[in-house]
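Read through the structure below, which is laid out as structure tokens, and then see the notes.
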Amino acid sequence: MNFVKRAALSLVARRAKTALLLGIFLVICTLLLGGFLLQGATSRQEAEAQRRIGVDVTVRGDRLTLATAAALGSSPLVERYNPLLRGAAKPSGLTPLTSDVPEPDDATDDPGYNGLMLNGIRDSEMLLDFASGRSRIVAGRALTEKDAGRRVVLLERRLADKNELKAGDTVGLRSSDGRRTETFEIIGLYEDPRPDPSQWVAPSELIANQVYAPAPAVSALGFGTKPSTAVFKIGSPERAERLHAEAARVLGGDGFRFDVNDKAFRDQVLPLRRVGAFAGSLLWLIALSGAVILGLIVLLTIKERRDELGMLLALGEKKWKLIAQHTVEVTALLLPALAVAALGAQSFAEEAGETLLAREEHTASLPEVRMEAADLGRVAGIGLGISLVATVVPGAGILRLHPRSILTDTE
């Protein structure tokens, strides 16, 4: 009789021990598969957070221009960038809003402050107010890098309502010295819910009078080529040091300020990394514990079956086949245990992720748990490795057995 058939008969004859081994394998496979699913879910969620949030790097300096900002923005380290070129523009046929607070006697007479604040940008969605959701587009669309060569603007809804304007209309804007006038198309209206300051401020400083346009168009209106800041979005904090070196090369020397704002990134990603690390540690612990537990059970089984082993050795059976029989007995239980574990591991991973992430203050959403064939393959591979370790190591004692001594002890 070959050892595979003997293994099958042994599993049927020892139903209680078979059920015990199957239960242990089921727990091991469920925990392993749940750990892999949780690890995969947090990895996907981290990648999505990196893509959606990223890390903002703000660069300031005398040598910062639209050209140098574009050069630095073309770096493979940078995903998106946004220069900010500001200037007080005079409206042409457009009436700005004014403060409800009475104007003080010592208010500035500078005509530029009685107009609009024109903000030259590249991507309105990168502005903090829009990225955080505080400001939102209520008509038309946002400004994007594709508008760089166009004369288009975003107006605040209150300013548009006062002047009876809508998306698609045109407005005239003049430089602060009144020498240049350009016509701009309104491509969108945005809404900023913040109230006006309780103290008097010049019209150009009011929230409703903030106008956004492509930076090249603002520069062409006579506001120069030197943005006050440039914000660069990178995928992770690890890229900041390399981007600093790029900035030093592009801007020349260290005569610039380089600020990294990764708070939003850390608030979202670090909790996910902690959960992923926990899942990885859990996998190692389960694999080692499973191998030890199964190994002890197999060792006890070998001791209980000394008579059987002695008879087989006396009949001429090879020792390696006896070890292989025990390996087949344990490994045969892996497939049904893995099949049952696949049904419950996803629920386990979801509950574990929900419990772990519920302790984190800043995580907005739970990771999506998704089972893939690769996860089942990894669990099957680890389960097979556990089976081999748990049977071959204790089975080494069979190599020291001798039929005569076993049968003599029995008598």
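Index from 1, following the sequence. In this text, all values refer to a predicted model and were calculated from it rather than measured experimentally.
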Salt bridge (Lys or Arg N to Asp or Glu O under 4.0 Å) between Lys166 and Asp169, worked out: CA-CA 6 Å; Lys166 63 183 183 301; Asp169 292 344; 3.4 Å; yes
Separation between CD1 of Ile207 and CD of Glu191, rounded to the nearest 0.5 Å: 12.0 Å
Any Arg60 side-chain heavy atom under 4.5 Å of Ser228 side chain: no
Trace of the side chain to side chain donor-acceptor pair (under 3.5 Å) decision for Arg86 with Asn119: CA-CA 5 Å; Arg86 305 188 76 202; Asn119 300 276; 2.8 Å; yes
Audit row: Asp147, Arg141, salt bridge (Lys or Arg N to Asp or Glu O under 4.0 Å) steps and yes/no: CA-CA 11 Å; Asp147 297 313; Arg141 64 174 178 83; 2.8 Å; yes
Min side-chain heavy-atom separation Asn209-Glu156 under 4.5 Å: no
Distance in Å, Leu143 CG paired with Phe130 CZ, rounded so as to fall on 0.5 Å steps: 8.5 Å
Contact check, side chains of Leu26 and Thr30, non-hydrogen atoms, under 4.5 Å: yes
Pair Leu77-Glu246, side-chain contact (heavy atoms from CB on, under 4.5 Å): steps then yes or no: CA-CA 9 Å; Leu77 299 171; Glu246 287 272 354; 4.2 Å; yes
Atom of Ser204, atom of Leu116 and distance for their closest heavy-atom approach: CB-C, 4.1 Å
Closest non-hydrogen atom pair, Ala160 against Leu189: CB-CD2, 3.7 Å
Stepwise side-chain contact (heavy atoms from CB on, under 4.5 Å) check, Tyr190 with Leu155: CA-CA 6 Å; Tyr190 73 93; Leu155 294 188; 5.6 Å; no
Donor-acceptor pair, side chain of Arg180 and main chain of Leu173, under 3.5 angstrom: no
For the student: nearest non-hydrogen atoms of Pro227 and Leu66, plus distance: CD-N, 3.7 Å
Side chain proximity check, Thr229 to Val59, heavy atoms < 4.5 angstrom: no
Geometric class of the Tyr81/Phe232 ring pair [parallel <30°, tilted 30-60°, perpendicular >60°]: parallel
Side-chain heavy atoms of Val231 within contact of Leu84, under 4.5 Å: no
Heavy-atom closest contact (Leu85 atom, Thr225 atom, distance): CD1-C, 4.5 Å
Closest contact, heavy atoms only, Ser99 versus Trp200: CB-CD1, 3.7 Å
Partner of Asp129 under side chain to side chain donor-acceptor pair (under 3.5 Å), chosen from Gln210, Arg136, Arg194: Arg194
Glu185 and Arg150: CA distance, side-chain angles, deciding distance, salt bridge (Lys or Arg N to Asp or Glu O under 4.0 Å) verdict: CA-CA 9 Å; Glu185 177 190 354; Arg150 303 180 61 195; 3.4 Å; yes
Main-chain N/O of Glu145 paired to Arg122 side chain as donor or acceptor, under 3.5 Å: no
Intermediate values then yes/no, side-chain contact (heavy atoms from CB on, under 4.5 Å), Leu159 and Val211: CA-CA 9 Å; Leu159 179 62; Val211 178; 4.2 Å; yes
Side-chain heavy atoms of Ile121 within contact of Pro83, under 4.5 Å: no
Validation row: Ser92, Val171 side chains within 4.5 angstrom (heavy atoms): no
Any side-chain heavy-atom pair of Ile286 and Val27 under 4.5 Å: no
Salt bridge (charged side-chain N to carboxylate O under 4.0 Å, His left out) partner of Glu182, the single match among Lys90, Arg174, Arg151: Arg151
Passing candidate, side chain to side chain donor-acceptor pair (under 3.5 Å) with Lys233, options Asp56, Asn82, Asp123: Asp56
From CA spacing to verdict: side-chain contact (heavy atoms from CB on, under 4.5 Å), Val250, Phe256: CA-CA 11 Å; Val250 172; Phe256 61 93; over 6 Å; no
Nearest atoms (heavy-atom pairs only) where Leu72 meets Ala247: CD1-N, 3.7 Å
